[in-house]
Amino acid sequence: MRSAPIGVFDSGMGGLGVVRALRAAMPCERLIFFGDNANAPYGEKTPEEIRALSLRAAQTLTDRGVKALVVACNTATSAAEAALRQRLDIPVVGIEPDLASARAIAGDKRVIVFATQATLSLPRYLEAKGRLCPNAVSIPAPELVQMVERGAVAGEEPEAFFREKLAPWRGEIGAIVLGCTHFTFLRAPLRAVAPGIALLDGIARLTRNLRSMLAAADALAETGEGGVELHTSASDPAVMARMRALYEMRAQ
């Protein structure tokens, strides 16, 4: 069990940031990443469609004998984590917007949440927002997903987007939540527009949760070199090339 790989999936390329974090935190683990780029983005689909696609992605990874499943997609976590836990007999760990940390950091200032429309409209986020951060400003940002999928992770395009969306709250922002794993690759342009403001993506919490689950199951790999395999549902070779480039990109 310790030597089995960990499966990680996302609707596209955003989950590669999670893979990098897991690789750094657990270097002895073997990681298999599956990006469902052929069906991206999930954030514009119905909850039923997201659950079906997530179950299919999970099956792709469980067929490879993974010992745990990481849902490296906020939208898939919101719509499908419960179904995945019910269906699978391995640990399932999802990611969600880190509203608790944002509220603690922001204090009396405003919390801004960038995420997909599906994440922002599903009950999981709405319940957490009402309980933890009722005054948060929720901003759907499908454009950012497409930027990352195209490799436009720096320069005027993402900066202009952030500049426009944050303008109404200038001077009032205490924390920004990156509620989609794609957005972790846009930290540099976001910092250029909103310097000094805390950016929270929830990846560190996911990593801690996964490590605890594996340790409790005596399934944590503590020897060996580990490694990463990248896979995509897309047939275009350029997609895999962009995936490799994003994975190898220097952390922001």
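This one's a predicted model, so the numbers in the text were calculated from it and none came from an experiment.
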Check ion pair D201-R187 (N to O, under 4.0 angstrom): yes
Ion pair check, R131 and E127, cut-off under 4.0 Å: yes
[X] and [Y]: same hydrophobic cluster, using ILVMFWY side-chain contacts below 4.5 Å?
X    : Y    : value
L16  : L190 : yes
L214 : I95  : yes
I197 : L178 : yes
V93  : I50  : no

Sole residue of R208, R205, R103 in salt bridge (charged side-chain N to carboxylate O under 4.0 Å, His left out) with D98: R205
Step-by-step salt bridge (charged side-chain N to carboxylate O under 4.0 Å, His left out) determination, R150 to E157: CA-CA 12 Å; R150 289 189 281 106; E157 185 178 6; 2.7 Å; yes
Do other residues, nucleotides or ligands put more than 12 heavy atoms under 6.0 Å from the [atom1] atom of [X]?
X    : atom1 : result
Q86  : CD    : no
D108 : CG    : no
R56  : CZ    : no

Test item: side-chain donor near acceptor, Y125 and N74, under 3.5 Å: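 Their side chains do not contain a donor-acceptor pair, so the 3.5 Å distance test is not met.
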Parallel, tilted or perpendicular, as decided by the 30° and 60° cut-offs, for the rings of F114 and F161: tilted
